[in-house]
Number of protein chains: 2
Amino acid sequence: MAKLDDTDRQLLMLLQEDDRQALAVLSEKIGVAVSTINDRIKRLVRTGMISGFHARIAPEAIGLDLLAFIMVSWSNPKVEAIFLERVKASPDVLECHHITGAWNYLLKVRVGTTRDLERFLTETIKAVDGVERTETLITLSTTKETWSVRV
Amino acid sequence: MAKLDDTDRQLLMLLQEDDRQALAVLSEKIGVAVSTINDRIKRLVRTGMISGFHARIAPEAIGLDLLAFIMVSWSNPKVEAIFLERVKASPDVLECHHITGAWNYLLKVRVGTTRDLERFLTETIKAVDGVERTETLITLSTTKETWSVRV
DNA sequence: CAGGAATTTCGGAAGTCTTACGGAATTAAG
DNA sequence: CTTAATTCCGTAAGACTTCCGAAATTCCTG
């Protein structure tokens, strides 16, 4: 965890909002030379502070209208490895977290329709031998969904 | 929801993995002219298919070591407006979803330590008058966390 | 606190990449 | 089958990024 100065912080804030701003624009906003901005970005990438640059796709624009959180549990610890393998391979799964509490894992899943969700549950999750229970929370609406963190 | 051809789909896949590839590289990979790639990207942005270009920051690299999901509920419907206002304003909250089931809302929250989490719960969530119950699921590890969707 | 090493900043030159444009080609409509 | 509309492409202009050496700053050590 390298230390960041104020220039780095401003830069990170600006780039996580929009990574396509010209160096000249960033230079103007932050108040350091264009070449310095370039150096800083390069360094932030090299040191792993910035892990990538990604276009964000509007899910509804491509027919992914259903967002769900699925909690999964099992009792046989051997289940985990197979479960994770399946989950990692599935493009429907955006996130997979090992969590505290009554459940083993929490998944964030995006699909087109309830039909797709049903198929996902039967063919991907419940098809894993040993999975005992799941609970699905359907998202009715999303008020906030950002990738920007405080820095 | 405009329709996408195969070029659009390939382009979206490539750009959500890495939006900094030169047009010439994308042109090479997909097999259409550089100027066509440019046209397509411009159109995908104009039509809202692509909603933005974002640098992704490695959370642990900047000391955000704690990820939690918090479920919140209340019975007085007047609570919602104030709750959402607070949540939108808080940089700790990455996501806020209205969900089905026993709870009203699900939050995805990223902070530094359990101490920060405690502060968030007391000062941001429980400080909202009318919030009755919360349940916090701490993330022990994250197996998958992507923004890439199938397209 | 001084001296020196290491790092960072900067402006400018060079090179690369994006953008805009018009005509050709393809697709869609009548 | 003809015409209109859209998309595709190569090119040239312009914008942007990258690289460089020198100056400035910071950091370390004695």
Side-chain angles (χ1 to χ4, degrees), chain A residues 1-64 112 147-151, chain B residues 1-64 112 147-151:
Chain A
M1 178 179 158
K3 60 186 173 311
L4 303 169
D5 64 12
D6 201 55
T7 301
D8 289 320
R9 262 185 287 274
Q10 288 185 65
L11 200 44
L12 289 172
M13 282 311 263
L14 291 168
L15 290 177
Q16 65 181 344
E17 292 305 327
D18 178 11
D19 74 36
R20 293 217 151 181
Q21 301 173 79
L23 300 186
V25 173
L26 296 167
S27 161
E28 176 75 16
K29 286 182 181 171
I30 299 179
V32 298
V34 169
S35 53
T36 302
I37 297 285
N38 189 41
D39 292 343
R40 291 296 186 113
I41 296 177
K42 286 280 182 296
R43 186 173 56 175
L44 288 169
V45 170
R46 185 166 37 76
T47 58
M49 209 87 29
I50 291 177
S51 64
F53 300 92
H54 307 277
R56 180 178 186 165
I57 295 177
E60 328 76 36
I62 58 167
L64 292 173
W147 301 332
S148 292
V149 295
R150 192 214 314 258
V151 28
Chain B
M1 177 182 159
K3 60 185 176 310
L4 303 169
D5 66 10
D6 201 54
T7 301
D8 289 321
R9 263 184 287 274
Q10 287 185 64
L11 200 44
L12 288 173
M13 283 311 265
L14 291 168
L15 289 177
Q16 66 182 342
E17 292 306 327
D18 178 10
D19 74 36
R20 293 219 152 181
Q21 301 174 79
L23 299 186
V25 173
L26 297 167
S27 161
E28 176 75 17
K29 287 183 182 170
I30 298 179
V32 297
V34 170
S35 53
T36 302
I37 297 285
N38 190 40
D39 293 344
R40 292 297 187 114
I41 296 177
K42 285 282 183 296
R43 187 173 55 174
L44 288 168
V45 171
R46 185 165 38 76
T47 60
M49 209 87 29
I50 293 177
S51 65
F53 299 93
H54 307 278
R56 181 178 186 166
I57 296 177
E60 327 75 35
I62 58 167
L64 292 174
W147 302 330
S148 293
V149 295
R150 190 216 313 259
V151 27

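Only this structure's heavy atoms are used, side chains among them; waters, hydrogens and symmetry mates stay out. Below, chain A is the first sequence line, B the second, and so on; all start at residue 1. None of these values were measured; they are calculated from a predicted model.
A heavy atom closer than 4.0 Å to some atom of DNA chain D occurs in B:Ala33, B:Ser35, B:Thr36, B:Asp39, B:Arg40, these being the qualifying members of residues 33-40 of chain B.
Put simply, CG on B:Leu44 is 14 Å from C1' on D:dT7, counting in whole angstrom units. The distance from atom CG of B:Asp5 to atom C1' of D:dC8 is 12 Å, rounded to the nearest whole Å. Atom CD1 of B:Ile41 and atom P of C:dC17 are 14 Å apart (whole Å). For the pair B:Leu26 CG and C:dT16 C1', the computed distance is 15 Å after rounding to whole Å. Atom CZ in A:Arg20 sits roughly 11 Å away from atom P in D:dT17 (whole-Å rounding). Look at CD on A:Gln21: it is 11 Å from P on D:dT17, rounded to the nearest Å. To the nearest angstrom, C1' of C:dT19 lies 9 Å from CG of B:Leu23. Between the CZ atom of B:Phe53 and the P atom of C:dT18 there is a distance of 12 Å, rounded to whole Å.
Taken from CG in A:Asp8 to CZ in A:Arg43, the straight-line distance is 5.5 Å, to the nearest 0.5 Å. Atom-to-atom distance recorded for A:Glu60:CD and B:Met49:CE is 11.0 Å, nearest 0.5 angstrom. How far CD1 of A:Ile50 is from CG of A:Leu11: 6.5 Å, rounded to the nearest 0.5 Å.
Within the 4.5 Å cutoff, side-chain heavy atoms of A:Arg40 are placed close to those of A:Asp5. A 4.5 Å side-chain heavy-atom check between A:Leu26 and A:Ile41 finds at least one atom pair inside the cut-off. Here the side chains of A:Leu14 and A:Ile30 are in contact, with some heavy-atom distance below 4.5 Å.
Note that the two end axes of the helix from C:dC1-D:dG30 to C:dG30-D:dC1 enclose an angle of 60°, each drawn from 5 base pairs, rounded to 10 degrees.
The listed nucleotides are C:dT19, C:dC10, D:dT18; the one nearest the side chain of B:Lys42 is C:dT19.
At distances below 3.5 Å, not a single donor-acceptor pair connects side-chain atoms of A:Gln16 with backbone N or O atoms of B:Ile57. When atom types are taken as modelled, the side chain of A:His54 and the backbone of B:Glu17 share a donor-acceptor pair closer than 3.5 angstrom.
A:Arg9 is linked by a salt bridge (Lys or Arg N to Asp or Glu O under 4.0 Å) to nothing, counting only residues two or more places apart in sequence or in another chain.
The residue B:Arg43 sits close only to the backbone: its heavy atoms come under 4.0 Å of sugar-phosphate atoms, none of a base.
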